[in-house]
Amino acid sequence: DRAVAVLVAAGVEAGVVEAGGDIRYWGTKPNGAPWRFGVQHPRAAEQLIVVDDLGTAALATSGDYEQFYVIDGQRYHHLLDPSTGRPAVGAVSATAWAATAMDADLLATAFFVMGPEAAISWAEAEPGVEALVLHPGTPSDSDENANSLVLRVTFAGVTLLLGGDCPEDDCEERLDP
């Protein structure tokens, strides 16, 4: 947020600043296209969840997939539930959009810890805040992947790009909120 303030004061009309995974953006892209951001799928790094500009200025993601270790099949990560002192359960990734990168970072962590239902409910009630929470789903009979995910979103305009960055007409699948 401070870097953006300095750049704007220096006359920079548009840009993106990324610091530690938190993103702050402003202005219009030089080609006039809308801002679009990719959120890494927490269990399939080659897949992105692409989100069009939601009218906020910042986004941040918290998840259990970058800082973790596994002992006896149990995943331990750095996002702790304050009521238990143990790694939070219920979400595998939470992305928040807000007016500032500081708010987005704080909210992403809170959304992860509070879990999908509470996070989505909170975001729906708070103007200027959006949330994307991925959490463990229930595998279907034909799904052998015990880590399947169910998406919960509070906004339209979410796209899943399979295989990373590819032409929209070749690999885009729209997700309904």
Open item on the list: Is there a path of hydrophobic side-chain contacts, each under 4.5 Å between heavy atoms of I/L/V/M/F/W/Y residues, joining Phe37 to Val39?
Closed with: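 Cluster IDs for Val39 and Phe37 match.
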
Open item on the list: Side-chain heavy atoms nearer than 4.5 Å, only ILVMFWY residues, links allowed to pass through others: does that put Leu134 and Ile23 together?
Closed with: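 As far as the 4.5 Å side-chain criterion goes, Ile23 and Leu134 are connected within one cluster.
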
Hey, what do you get for [atom1] ([X]) to [atom2] ([Y]), rounding to the nearest 0.5 Å?
X      : Y      : atom1 : atom2 : answer
Glu66  : Thr61  : CD    : OG1   : 9.5 Å
Trp97  : Leu59  : CH2   : CG    : 6.0 Å
Leu107 : Asp105 : CG    : CG    : 9.0 Å
Thr95  : Gln40  : OG1   : CD    : 10.5 Å

Task: side chain to side chain donor-acceptor pair (under 3.5 Å) partners of residues 82-91, not counting sequence neighbours, each pair once - done: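 Matches after skipping sequence neighbours: Asp81-Ser83.
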
Task: Qualifying side chain to side chain donor-acceptor pair (under 3.5 Å) pairs with a residue from residues 9-25, counting only residues at least two apart or across chains - done: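 Sorted pair list: Asp1-Arg24, Tyr25-Asp53.
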
Closest approach of [X] and [Y], non-hydrogen atoms and distance?
X      : Y      : answer
Phe111 : Glu130 : CE1-O, 4.1 Å
Ala96  : Ala108 : CB-N, 3.6 Å
Gly90  : Pro116 : O-CD, 3.3 Å
Ala99  : Ala57  : O-CB, 3.4 Å
Ala98  : Ala104 : CB-N, 3.8 Å
Pro42  : Ser93  : CG-CB, 3.8 Å

Open item on the list: Has His77 got a side-chain atom pairing as donor or acceptor with Ala88's backbone, closer than 3.5 angstrom?
Closed with: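 Answer holds: yes.
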
Task: Non-neighbouring partners of Thr28 that pass side chain to side chain donor-acceptor pair (under 3.5 Å), sequence neighbours left out - done: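 Side chain to side chain donor-acceptor pair (under 3.5 Å) list for Thr28, sorted by chain: empty.
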
Task: For Thr109, all residues meeting side chain to side chain donor-acceptor pair (under 3.5 Å), sequence neighbours excluded - done: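 Per chain and number, Thr109 pairs via side chain to side chain donor-acceptor pair (under 3.5 Å) with Ser62.
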
Open item on the list: For a side chain to side chain contact (heavy atoms under 4.5 Å, CB included) check, start with the C-alpha distance between Asp64 and Leu79, then their side-chain angles and the critical distance, and finish with the verdict.
Closed with: CA-CA 7 Å; Asp64 71 354; Leu79 298 165; 5.6 Å; no

Open item on the list: What I'd like to find out is whether the side chain of Val113 reaches to under 4.5 Å of the side chain of Leu80, using heavy atoms alone.
Closed with: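 Side-chain contact under 4.5 Å: no.
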
TODO: Check whether any side-chain heavy atom of Val16 lies under 4.5 Å from a side-chain heavy atom of Trp35, and answer yes or no.
DONE: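 The answer is yes; the side chains approach within 4.5 Å.
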
TODO: Flag yes if more than 12 heavy atoms outside Asp72 fall under 6.0 Å of its CG atom; otherwise flag no.
DONE: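 No, because the 6.0 Å sphere around CG of Asp72 holds 12 heavy atoms or fewer from other groups.
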
Open item on the list: Connecting only ILVMFWY residues whose side-chain heavy atoms lie within less than 4.5 Å of each other, what is the rest of Val8's hydrophobic cluster?
Closed with: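 Same cluster as Val8: Val4, Leu7, Val12, Val17, Trp26.
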
Task: Within residues 44-74 or reaching into it, pairs that qualify as ring-ring contact (aromatic ring centres under 6.0 Å, His included) - sequence neighbours excluded - done: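 Sorted pair list: Tyr69-Tyr76.
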
